[in-house]
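Each remark here refers to the structure printed beneath this line.
Every heavy atom of this structure was used, including side-chain atoms; hydrogens, water molecules and symmetry mates were not. Numbering starts at 1 and runs along the sequence shown.
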Amino acid sequence: MRKFLRKYLRKPSRLRSGPGAPAAEATTDATDTATLNLVLRNDTGAAQLYAHITGTDDKGLVLLAADGTTQLRPPSPSSTLQPVGADYAIAVGGRGATRTVKVPRLSGARIWFCRDRALTFFVNPGPSLVEPSATNPSDPNYGLDWAFCEFTWNQQQLYANVSYVDFVGLPISLSLVTGSGAVKSVPGMPAGRGWDKLVVRGADGKPLRALSPVAGGVLVPGLFDGYYQPYVDAVWAKYAKEDLTVDTQFKWGKVTGRVGADGQTLTFSSGGGSFGKPSAADIFSCSTGPFAGGSGVSDEQLNVGARLAAALNRSTLAANPQQPEGERVDAYYREAITNHYARICHETSVQGRGYAFPYDDVGPSTGKDQSGFVNDPNPQELTIGVGKPLEGS
């Protein structure tokens, strides 16, 4: 299944300047008044947990107001980094408190959580939302303890997932009551942290979050330069001598690839595209170098690239020439050169589930899910726990 939200990291930006933006407009969409109950729970131990809900619909940018019901639509400001112009901080309550909010149908939505203090968002012309940054030390949210999960709720279904693609922070878990009354859950991370690398610490010296390799590379340029080169060289050498088969798991079926005589380019049959050797940054991001989209890159090539990127993150591409249908979860991350951030995320997560890199949902069609999502075409209620796994997960 193709991931519903394309991941990206913003470059560090300057703080806001200039006059305040106009007040955000509170509106109700008369064409579709359906709402979904989200139950937010504070198990962080903090005296107050704040939530922020952001997303888009067919009219553009939407934030949920502090009352947990009203839809805010910030107007487009005349300059960058302007205040939202309304109260969008939803106070969940103290230790053990729950609060139910009602969300409209949204796409590419996020539910942000922060201990003790509300997060600060800005609006750029468009309008487009400037989200908190985990890699910009001058961002007003940088020193706060925050995290997010993601969802899309459209006419077809609700799809929600926990995300470790950018960093690991506050533990978040999901519990979905489906239309039939069944419960689907993602326990997420257990309470507490044991990270000793890529760790960002607060002013008190305590760890705030563990960054992904991509985010770590933003703070420390060149951090993983050359890291994947020996493994990529071995993969390209292998498939210069034998075929690599990729099942697109879609209308294009299976495509076969071979590395050409130059030893540098892996080319697939039937429109599957050609791929040069990726760098570590390309592999971790899944969206640069040979995996980038753009002019001349077909949907089929992006599909094949997603499967190559997933196998490279898991370091299974050299061992398994049948991707991804021949994959096994117990064979992931076994090489010394691998995405150890993703490995630790899955080892630490209850049930081993949670998005640890952008194509973590790629896998065999009958295999075990690693990506940590819940979905249903007729959801009744989604409960989101922050701080520890929900009971019964």
*So which heavy atom on Y359 is nearest to which on C286, and how close?*
CD1-CB, 3.5 Å
*Kindly determine whether F224 and F284 satisfy ring-ring contact (aromatic ring centres under 6.0 Å, His included), including the steps that lead there.*
CA-CA 10 Å; F224 289 104; F284 290 139; 5.3 Å; yes
*asked:* Check for me, please, whether W153 and V183 land in the same ILVMFWY cluster - side-chain distances under 4.5 Å, paths through other members count.
replied: no
*Are a donor atom and an acceptor atom from the side chains of T100 and N37 found within less than 3.5 Å of each other?*
no
*Hey, are the side chains of I53 and V101 touching, using non-hydrogen atoms and a 4.5 Å cut-off?*
yes
*Residue pair Q380 / T178, side-chain donor-acceptor N/O under 3.5 Å*: no
*Salt-bridge test for K59 and D57: reply yes if a basic N is under 4.0 Å from a carboxylate O, no otherwise.*
no
*Distance-only donor-acceptor check, side chains N375 and Q157, under 3.5 Å*: yes
*Is the number of heavy atoms from other residues, nucleotides or ligands under 6.0 Å of K254 NZ greater than 12?*
no
_For a 4.5 angstrom cut-off between non-hydrogen side-chain atoms, does N154 reach R105?_
no
*Does N303 reach the main-chain N or O of T248 with its side chain, forming a donor-acceptor pair under 3.5 Å?*
yes
*Minimum heavy-atom distance between L302 and G293, given as atom pair plus value*: CD2-CA, 3.8 Å
*Between S315 (side chain) and I337 (backbone), is there a donor-acceptor pair under 3.5 Å?*
yes
*How far does CD of E335 sit from OG1 of T316, to the nearest 0.5 angstrom?*
9.5 Å
_Whether D247 and R307 form a salt bridge (side-chain N of Lys/Arg under 4.0 Å from carboxylate O of Asp/Glu) is what I want to check._
no
*K238/D233 salt bridge by N-O under 4.0 Å criterion*: no
*For G126, does its backbone N or O pair with a side-chain atom of S76 as donor and acceptor, under 3.5 Å?*
yes
*With the 4.5 Å side-chain cut-off for hydrophobic clustering, are V103 and V39 part of the same group?*
no
*Calculate, to the nearest 0.5 Å, the distance between atoms OG1 and CH2 belonging to T265 and W236 respectively.*
9.0 Å
*So, is the end of the R314 side chain (NZ or CZ) under 6.0 Å from the ring centre of Y332 and within 45° of the ring's axis?*
yes
*Indicate whether the side chain of Q249 and that of E325 have a donor and an acceptor atom separated by less than 3.5 Å.*
yes
*Work out which heavy atom in V92 is nearest to a heavy atom in A51; give both atom names and the distance.*
CG2-CB, 4.0 Å
*Measure up the W112 and F121 rings against each other and bin them: parallel (under 30°), tilted (30 to 60°), perpendicular (over 60°).*
perpendicular
_Can you confirm whether S128 sits close enough to L61 that some side-chain heavy atom of one is under 4.5 Å from a side-chain heavy atom of the other?_
no
*asked:* If we count only N and O atoms by modelled type, under 3.5 Å, do the side chains of T69 and D67 hold a donor and an acceptor together?
replied: no
*Is the closest side-chain heavy-atom distance between R343 and Y341 below 4.5 Å?*
no
*Specify the closest pair of heavy atoms between P140 and T120, including all atoms of both residues, with the distance to one decimal.*
CG-CB, 4.2 Å
*Apply the test side-chain contact (heavy atoms from CB on, under 4.5 Å) to residues Q229 and K277: give CA-CA distance (whole Å), side-chain angles for both, the deciding distance (0.1 Å), then the verdict.*
CA-CA 9 Å; Q229 194 65 49; K277 290 183 177 181; 4.2 Å; yes
*Separation of T135 OG1 from Y142 OH (nearest 0.5 Å)*: 8.0 Å
*CD on Q71 to CG on L64, rounded to 0.5 Å*: 7.5 Å
*Could E131 and R110 be called an ion pair, given the rule that one side-chain N must be under 4.0 Å from one carboxylate O?*
yes
*asked:* Could you see if L312 belongs to whatever hydrophobic cluster contains Y227? Use Ile, Leu, Val, Met, Phe, Trp, Tyr and a side-chain cutoff under 4.5 Å.
replied: yes
*asked:* Would you say S270 and W252 are linked by a side-chain donor-acceptor pair, where the criterion is simply a distance under 3.5 Å?
replied: no
*L49 vs C114 side-chain heavy atoms within contact, under 4.5 Å*: no
*Step-by-step side-chain hydrogen bond (donor to acceptor under 3.5 Å, both in side chains) determination, D282 to T288*: CA-CA 5 Å; D282 300 332; T288 59; 2.6 Å; yes
*Assess whether side-chain contact (heavy atoms from CB on, under 4.5 Å) is satisfied between Y228 and N339, documenting all intermediate values.*
CA-CA 9 Å; Y228 255 99; N339 185 338; 4.1 Å; yes
*Counting heavy atoms not belonging to R258, are there more than 12 under 6.0 Å from its CZ?*
yes
*asked:* Within the structure provided, determine whether L81 and V130 are in side-chain contact (heavy-atom separation under 4.5 Å).
replied: yes
*Heavy atoms, side chains only, cut-off 4.5 Å: are V62 and L106 in contact?*
yes
*Would L40 end up clustered with V177 when hydrophobic side chains under 4.5 Å apart are linked, directly or stepwise?*
no
_Tell me whether Q301 contacts the main-chain N or O of G272 through its side chain, where contact means a donor paired with an acceptor under 3.5 Å._
no
*Of all heavy-atom pairs between P132 and L119, which one has the smallest distance, and what is that distance?*
CG-CD1, 4.1 Å
*Taking it one step at a time, do V218 and N136 satisfy side-chain contact (heavy atoms from CB on, under 4.5 Å)?*
CA-CA 9 Å; V218 173; N136 180 4; over 6 Å; no
*What is the distance from atom OG1 of T44 to atom CZ of F113, rounded to the nearest 0.5 Å?*
10.5 Å
*Apply side-chain contact (heavy atoms from CB on, under 4.5 Å) to I384 and L174, showing your working.*
CA-CA 5 Å; I384 305 167; L174 307 176; 4.0 Å; yes
_Common cluster, Y50/I90, ILVMFWY with side-chain heavy-atom separation under 4.5 Å_ = no
*Counting N and O atoms only, with roles assigned by atom type, does the side chain of Y231 sit under 3.5 Å from a partner on the main chain of L317, one being a donor and the other an acceptor?*
yes
*Interatomic distance, F268 atom CZ to E300 atom CD [nearest 0.5 angstrom]*: 10.5 Å
*asked:* So does G108 get a backbone contact from the side chain of T152, meaning a donor-acceptor N/O pair under 3.5 Å?
replied: yes
*Flag side-chain contact, heavy atom, 4.5 Å: D376 against L158*: no
*Under 3.5 Å, is there a donor-acceptor pair between the side chain of N42 and the main chain of A46?*
yes
*What closest approach, in Å, do T267 and S274 show between heavy atoms, and which atom pair accounts for it?*
OG1-OG, 3.0 Å
_T383 and S175 side chains, donor-acceptor separation under 3.5 Å_ = no
